[in-house]
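Notes follow the structure.
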Amino acid sequence: MNFLYPQNVISIIYLNHTNTGWKHRATFNMEITQSIKEAVAKAVSELYQHEVQESEVQVTPTRKEFEGDYTVLVFPFTRAAKKAPPVLAEELGNYLTENVDDIAGFNVIKGFLNLVISEAYWAKFLLSVAAQEDYGKHASNGKKAVVEYSSPNTNKPLHLGHIRNILLGWSMSQIFDAAGYEVKRVQIINDRGVHICKSMLAWQKYGEGNTPESLGKKGDHLVGEYYVVYNNEEKEQRAALEAAGDCDGEPQILQEAREMLRKWEANDPETRKLWATMNGWVYAGFNETYKNLGVSFDKLYYESETYLLGKDMIEKGLDKGVFYKESDGSVWTDLTDAKLDKKIVLRSDGTSVYLTQDLGTAQLRYEDYHMDKSIYVVGDEQDYHFNVLFELLKRLGESYADGLYHLSYGMVELPSGKMKSREGTVVDADDLMQEVVSIAREESLERGDVSGLTGERQEEAWRRIGMAALKFHMIRVTPRKKMLFDPKESVDIQGQSGPFVQYSYVRTKSVLAKAGDWDIDISAYQTPQPQEKELLTIIRKYPDTILEAAKNYDPSLIANYAYELAKSYNKFFHDVPILRAETEAGKGFRLTLTQVVGRVLTSALDLLGIEVPERM
RNA sequence: GGUCUCGUAGCUCAGCUGGAUAGAGCAGCUGACUUCUAAUCAGCAGGUCGCAGGUUCGAGUCCUGCCGGGAUCACCA
């Protein structure tokens, strides 16, 4: 931070500004589009005696091939005004030019009213942004959001699919934070069940007492290997049974796994001890992976502690008529009127199912946090489940039901086909991260040593670059779409990529470092270039983009925004001299612009969980 | 079969509540480093927005139907 614009500088500008016209507004409104909307609404009201909402007025940046900065669409008002679009546009244009101080002129093409913003506006806007250290972030709205993500099973290490989940979850939580929410990050750990017992059993049979320490291996990987061992064994036994003509028989090892689960549920000390030990190995491994991914959690829920929850909600639902009892004692719900089917919620022996458990955990979470929004980051194969879950909570009359959202994302596919964790054909999260960083290292070395960094600092830069490539690549795709994961493209560091955005940031830092300290009055700068206007137009969108991303639960909007800004800065950087600007005011303007761009890029990348390197 | 979801350039993806001649990147071809970082910039080439109707001043965007891919419709989680 080289300097801060004191508030009074801006006040002086306001003062000059108000002397010359726009009487409806006492202070300079940073939001030029908002001013335009208000003025258009007012104009339509005054000129044609027709009330319109500001939100009905569409203002967009003018397309490059036309003259002007912002464009108003007049089509929506033609009926009320009873005028042809060009005539109406002409009249509105005159009104706006006369009444809005920052509008210097206009032109009309068909029904499009292109407004030309005054040259003085841009410096004012830039100053107002520069005065805000955390520009783009919204003040607290007093609401609370809980984001649940990752939610792994403890029988295998994290893989590519989890990475998409984790990155989306983390980014979403960052975005909600920036949008003004108080955010809590949680995960529910699926730490019990037959699948957990399977790896326990295989380790017990074939593990020979090996531990992560004795083998020097990450705990989650070790446990995952025994899960594969189990599945291979089961497959062999099944094949043997079929060869013997017994197609309905159950493999011995599966029966043993079931038996182990029974013991676990009966609190058998031996089984519980093994379970605790092996889960401990897995947690240590997960924590390492989470740390490398740069994510964290405020609270962990363990399924072993929550899987019996939800029964009291069944009671409540029976009273309300949401559920009904079958003759065998099982409890069901009928959601056919909501295009959902009949679902069981309690077995005839009184035990609960997945759905029941989730009803209970939703309740528990609300008791813990009293959140306004609860976001579940879970793959789209569970769309149906969440539809049912949310519908039930609504019917049960839970106050928090409206704030529930399933952030559903598509499967990650590999060029070679689907991943199957049972068969071991997965892209391991740890391997992938390592790979991506080592490619960043190679690429960097190939380019020669331009960064000037050495040792640990260089290693850290490579790590950030590699991780940026991976993260950006996964977040830039709209969540609901399934995505093809091409390993080659994921480590791409040019074009539409994380490192591309980082590079722009590094450039801003480099220029600012060369500039040293400066203190220049930029309000005299009256000749903004097209490249500068474009950058400022993009910068203006940042706060809106954050809200949009939160509203749509879509981090990809931020990724695409960051790319757009970086691209625009690169062009500016190439075309326009900064340190050797024609005038002092110009130099100050461009340095300030550079500083603001650097800040917004860092901020946007931070929302994606991406860190910036100091050099590259 | 029911429900949901996706279909935009050779490939991977944008396209905000409907708005002007549908945009990027990669791959291909061509230019630009004695200059604030060329991990960059500029240009060329590449598209019946799955198909057919409808709504409207205007549809890639909304509605209906079809075609194709995926998911789901467990007393598993």
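Order of the sequence lines sets the chain letters (A, B, ...), proteins ahead of strands, with each chain counted from 1.
Using a 4.0 Å cut-off, no side-chain N or O of A:Y384 falls inside it from OP1 or OP2 of B:U72. Taking 4.0 angstrom as the limit, A:T478 places a side-chain polar atom (N or O) nearer than this to OP1 or OP2 of B:A14. Contact between the side-chain N/O atoms of A:K481 and the OP1/OP2 oxygens of B:G7 is found at a separation under 4.0 Å. Applying the 4.0 Å criterion to OP1 and OP2 of B:C76, one finds that A:R347 has a side-chain N or O inside that range. Between A:R476 and B:G25 there is no side-chain N or O to OP1 or OP2 distance below 4.0 Å. Contact check, A:N570 against B:U40: no side-chain N or O comes under 4.0 Å of OP1 or OP2. The phosphate of B:A42 (OP1 or OP2) has a side-chain N or O of A:K571 nearer than 4.0 angstrom. Regarding contacts with the backbone of B:U21, every side-chain N or O of A:K64 stays at 4.0 angstrom or more from both OP1 and OP2. The shortest distance between the side-chain N/O atoms of A:S510 and the OP1/OP2 oxygens of B:C36 is not below 4.0 Å. Contact annotation: A:R480 side-chain N/O to B:C6 OP1/OP2 distance is under 4.0 Å. In terms of phosphate contacts, A:R447 brings a side-chain nitrogen or oxygen within less than 4.0 Å of OP1 or OP2 of B:A39. Distances shorter than 4.0 Å separate some side-chain N or O of A:K514 from OP1 or OP2 on B:U37.
Here the side chain of A:V511 is nearest to one of B:C36, B:A39, B:U12, namely B:C36. Nearest to the side-chain atoms of A:I465 among the listed nucleotides B:A39, B:C75, B:G19 stands B:A39. For A:K339, counting side-chain heavy atoms from C-beta on, the closest listed nucleotide (B:A39, B:C4, B:A42) is B:C4. Considering only the side chain of A:V353, B:C75 comes nearest among B:U35, B:C75, B:C16. Proximity note for A:R63 (side chain, C-beta onward) versus B:U40, B:G15, B:U21: the nearest is B:U21. Out of B:C75, B:C41, B:A39, the shortest distance to the side chain of A:W332 is found at B:C75. Nearest to the side-chain atoms of A:S444 among the listed nucleotides B:A39, B:A71, B:A20 stands B:A39.
Across the strands present, B:C66 finds its partner in B:G50; the criterion is a Watson-Crick or G-U wobble pair with both atom distances under 3.5 angstrom. Under the Watson-Crick or G-U wobble criterion, with both distances below 3.5 Å, B:U40 is paired with B:A32. Nucleotide B:C13 forms a pair with B:G23, judged by Watson-Crick or G-U wobble geometry with both contacts under 3.5 Å. With a cut-off of 3.5 Å on both Watson-Crick or G-U wobble distances, the partner of B:G60 is given as none. If you check B:G1 for Watson-Crick or wobble pairing at under 3.5 angstrom, you find it paired to B:C73.
Nucleotides B:C41 and B:A24, compared at atom P, are 12 Å apart to the nearest Å. Only the C1' atoms considered, B:U17 is 16 Å distant from B:G60, to the nearest whole Å. The P atoms of B:A27 and B:C67 are separated by 39 Å, rounded to the nearest whole Å. Only the C1' atoms considered, B:A42 is 16 Å distant from B:G25, to the nearest whole Å.
Between A:K394 and A:E391 there is no salt bridge, since no side-chain N of the basic residue sits under 4.0 Å from a carboxylate O of the acidic one. Between A:R590 and A:E582 there is a salt bridge, with a side-chain nitrogen of the basic residue lying less than 4.0 Å from a carboxylate oxygen of the acidic one.
Within 4.0 Å (heavy atoms only), A:V506 reaches at least one base atom of the nucleic acid. Nucleic acid contact for A:F500: sugar-phosphate only, since backbone atoms but no base atoms lie under 4.0 Å from a heavy atom of the residue. Using a 4.0 Å heavy-atom distance criterion, A:E443 is classed as making no nucleic acid contact. Using a 4.0 Å heavy-atom cutoff across all strands shown, A:Q357 reaches sugar-phosphate atoms only and no base atom. No engagement by A:P85 is indicated, since no non-hydrogen atom pair under 4.0 Å with the nucleic acid exists. Nucleic acid contact class of A:V72 (heavy atoms, under 4.0 Å, all strands): none. Among the heavy atoms of the strands lying under 4.0 Å from A:R507 are primed sugar atoms or P, OP1, OP2 only; no base atom is included. A:F573 comes within contact range of at least one nucleobase, with a heavy-atom separation under 4.0 Å. A:D328 comes within 4.0 angstrom of a base, heavy atoms only. Note on A:N155: nothing from the nucleic acid sits closer than 4.0 angstrom, heavy atoms only.
A:R262 CZ: more than 12 foreign heavy atoms inside a 6.0 Å radius. Summarising the local packing, CD of A:Q53 is surrounded by 12 or fewer heavy atoms from other residues, nucleotides or ligands at distances under 6.0 Å. Few gaps surround CD on A:E459; more than 12 heavy atoms of other groups in view lie less than 6.0 Å from it.
Only one option out of A:Y384, A:Y376, A:Y405 pairs with A:F390 in a ring pair (Phe, Tyr, Trp, His ring centres under 6.0 Å); it is A:Y376.
The base of B:A77 has none of its N or O atoms less than 3.5 Å from a complementary donor or acceptor on the side chain of A:D191. At a cut-off of 3.5 angstrom, counting only N and O atoms as typed in the model, there is a donor on one side and an acceptor on the other between the side-chain of A:T71 and the base of B:A20.
Under the 3.5 Å distance criterion, with hydrogens and angles disregarded, no donor-acceptor pair is assigned to the side chains of A:T154 and A:D191.
Each of A:L340 and A:V59 has a nearest nucleotide on RNA chain B; the 5'-most of these lies closest to A:L340. When the nearest nucleotides of RNA chain B are assigned to A:L355 and A:L73 by heavy-atom distance, the more 5′-ward of the two goes with A:L73.
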Could you go through the side-chain hydrogen bond (donor to acceptor under 3.5 Å, both in side chains) check for A:Y561 and A:E548 one step at a time?
CA-CA 11 Å; A:Y561 174 84; A:E548 198 70 19; over 6 Å; no
The test is side-chain hydrogen bond (donor to acceptor under 3.5 Å, both in side chains); show your working for A:Y569 and A:T594 and say whether it passes.
CA-CA 8 Å; A:Y569 184 76; A:T594 292; 3.1 Å; yes
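In this structure, A:I578 places its CD1 atom 6 Å from C1' of B:C36, rounding to the nearest Å. Going from atom CD of A:E326 over to atom P of B:C75 covers 13 Å, rounded to whole Å. At whole-Å resolution of the value, CE in A:M616 and P in B:C36 are 19 Å apart. Per the geometry, CD belonging to A:Q382 stands 20 Å off P belonging to B:G70, to the nearest Å. We find that CG of A:D383 is positioned 16 Å from C1' of B:G2, with the value rounded to whole Å. The CD atom of A:Q494 sits 6 Å away from the C1' atom of B:A39 (whole-angstrom rounding). Rounded to whole Å, atom P of B:U35 lies 13 Å from atom NE2 of A:H574. Taking atom CG of residue A:N107 and atom P of nucleotide B:A20, one finds them 16 Å apart after rounding to whole Å.
Between the side chain of A:S330 and the backbone N or O of A:E326 there is no donor-acceptor pair closer than 3.5 Å.
Classification of B:C33 as syn follows from a glycosidic angle within 90° of 0.
With centroids closer than 5.5 Å and planes inclined by less than 30 degrees as the test, A:F75 and the base of B:G19 pass as a stacked pair.
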